[in-house]
Engineer: 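Supplied in structure tokens, the structure appears directly below.
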There are 2 protein chains.
Amino acid sequence: MTHSLTTATYDARLARLRGRLAAPGAQALIVTNLNNIRYLTGFAGSAGALVLSLDRCVLLVDGRYEEVVRAGQTAGAIAPVDVARVRKYDTAIVDHVVAGGWTVVGFEADHTPVSQFRRWSEGLGSVELRPTSDLVESARVVKDPTEIRILRDAASRLSDVARRIGEWVAVDRTELEIAGDVDRALRQAGFEKPAFDTIVASGPNTAYPHARPTDRRVRKGDLVLLDFGGVLEGYCVDLTRMAGAGRVGAEALSLFRAVREAQEAAIAAVAPGAMTTEVDAAARQVLAHQQLGSAFVHGTGHGLGLDVHEAPRVGPGDPSEAVRLESGMVVTIEPGAYVVGLGGVRLEDDVLVTTEGREVLTTAPRDLLIV
Amino acid sequence: MTHSLTTATYDARLARLRGRLAAPGAQALIVTNLNNIRYLTGFAGSAGALVLSLDRCVLLVDGRYEEVVRAGQTAGAIAPVDVARVRKYDTAIVDHVVAGGWTVVGFEADHTPVSQFRRWSEGLGSVELRPTSDLVESARVVKDPTEIRILRDAASRLSDVARRIGEWVAVDRTELEIAGDVDRALRQAGFEKPAFDTIVASGPNTAYPHARPTDRRVRKGDLVLLDFGGVLEGYCVDLTRMAGAGRVGAEALSLFRAVREAQEAAIAAVAPGAMTTEVDAAARQVLAHQQLGSAFVHGTGHGLGLDVHEAPRVGPGDPSEAVRLESGMVVTIEPGAYVVGLGGVRLEDDVLVTTEGREVLTTAPRDLLIV
């Protein structure tokens, strides 16, 4: 089953982006972020660039991808934009901008290294390069119905993987072995690949939020944290669950309960119109109440889409950093608490903002799974 | 078995980098490339920054990594530099640069987006930010004995995986199933993860150099291309082999033989003092001789290390783009030829430049494996 996007979707996205060029006063835009290029055209290579104006759109690719793009366009999976085969991207970008005859050309300042900007500037003479931010990303943040179908399907498959954790976590198995089982199950579930390096942390290692799996063997009484995700048709989903190897201590249990309560509070705070800082505060207050404020060392969540971390960030901060949630946004809600010597707990689900409130896309049980 | 780097290695790398600050006329350097930070300190997180001067070195990390770094320093796996926990990287970088009292501070122009540069500039007032390139990368390009041991071990493990291709490639199996088998074997071989998305392409799909595995089933007479790599202790290795499902056609066979001959010529050209363009030309000439010049749509290879694609690039170009090979460099040699309608062939090995000539680190047979 695929939910493939159609060229009509790409047409609409390109048209919308063209409508946004006026704000920064640009006659054309150089797009170099690969996921932005994918969003706009369906081309998903490891290199490429797009030069877009009101009446033109050229996708620049190197020899490795020329035939892929042609075949994709024939199949209707890649937008029917002009395609140019290039040897050197920076030279080709300059050539296409010069050929366009524009005087002000926008570029993605968040994705263009200073050295690349300098190479373009040297070649462009009097053309003004104008920094832009989030022109494409701000469209990506609200998902369209096809994207939501993909994310819902992906979250459902990820939940099926999570329901199998009990098959893999056991005393004497290593974190690396368990991570290997998770990755195999992700493939079996139809994911193209893991969305990031699967985290399996046991016992004291759970105190490190971004632990890498090691050859440590699970021991009786350990907490085990599993954080993994998958990519389906380019879209990322992400989930964290906790297991206990037999009876875990009372302190660890109360850590788990606090995080679970914090997560429930944050999920309940997700709604159209709510600020991301309010959602974060909902989780943070619960943990602060239980003297775990300083143990919550990261933000509450992040947006999901073609990137596994994208806008909006759901974290603390002053009002200038807050984003108002809208129907169609998809975010993780993943508070955690980490106490060196005792261990750490995190629970993570993927939540769609709906017109009514929220839909939790990941449906696997959140209980501490005792194995 | 691990070949872990010691803090003495990091001390030497930091000292060497300090010695290079004079060339761009900088009193300090902001390092933001994560693999450069890893190379210099052993810290391997997904976020971080380093501010280094002749007499100071501060590693900036956020709350997720504070304890990881402390534990790593205690264990001797992370350099004993100063550590500061930060909430916002850009603000913290500015604060540390201001506190340093320097007037000229270098930054990595290849890894600093224009928007980040602008945020720093606003905060830094009269401090001059000076673009630098390759200050760390130029040290990384020649591997030290520990790195060579890791890469040799990794290439040996990767060769063991490649020797198992015959277990997985079979008529009626899908590309995705075969890719899943490869990825599982990479884990079993001790790799932390694949070095990139494993490529398995069959039949007509082999004509696309960077094909993604699909649900296409291998048919009798197909060529099958497998390109995969693994990461061991952070270091990447990369290999491509070809299989045939039963008897393949005469044209496909002659394509294979041409690429194999091209690869042998390029490997033979690897030696200290040789230019990367000469190595590329060695492969390109063989293919051009057989009227396959235009079918070779990419470069001959790339450097390997903490990045799966790093300097030196082994490709065509004018002399300004050529790099002189030195003992201790490790590159892939991977010519290919792709003919739409017929298919494509690529063979790839990892080659260490030695004082005498070369050592091919990947040892699996290069023959067309008939299954």
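Order of the sequence lines fixes the chain letters, A, B, ..., with proteins taken first and strands second; residue numbering starts at 1 for each chain. Bear in mind the structure is a predicted one, so any value in this text is a computation, not a measurement.
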Engineer: Do the charged groups of B/R64 and A/E334 touch, with an N to O distance under 4.0 Å?
Structural biologist: no
Engineer: Please look at A/P194 and chain B and tell me whether the side chain, the backbone, both or neither of the residue comes under 4.5 angstrom of a heavy atom of that chain.
Structural biologist: neither
Engineer: I need the B/Y208 OH to A/R70 CZ distance, nearest 0.5 Å.
Structural biologist: 10.5 Å
Engineer: Is A/F107 close to chain B through its backbone or its side chain, or both, or neither, when contacts mean heavy atoms under 4.5 Å?
Structural biologist: side chain
Engineer: With a 4.5 angstrom heavy-atom cut-off, could you sort out which part of A/V68 is near chain B: side chain, backbone, both or neither?
Structural biologist: both
Engineer: I need the residue from B/R87, B/H298, B/E66, B/E67 with the largest number of non-hydrogen atom pairs under 4.5 Å to chain A.
Structural biologist: B/E67
Engineer: Who wins among B/D110, B/D62, B/L176 for the most heavy-atom pairs under 4.5 Å with chain A?
Structural biologist: B/D110
Engineer: What is the minimum heavy-atom distance between B/P113 and A/A109, and which atoms define it?
Structural biologist: CB-O, 3.5 Å
Engineer: Taking every heavy-atom pair that is under 4.5 Å apart, which of B/A211, B/G180, B/A207 has the most such pairs with chain A?
Structural biologist: B/G180
Engineer: Is A/D183 close to chain B through its backbone or its side chain, or both, or neither, when contacts mean heavy atoms under 4.5 Å?
Structural biologist: side chain
Engineer: Is there side-chain contact between A/V297 and B/R85, with at least one heavy-atom pair below 4.5 Å?
Structural biologist: yes
Engineer: Go through A/R118, A/E177, A/H111 and name the one with the most non-hydrogen pairs under 4.5 angstrom from chain B.
Structural biologist: A/R118
Engineer: For the atom pair CZ (B/R184) and CG (A/D181), what is the distance rounded to the nearest 0.5 Å?
Structural biologist: 10.0 Å
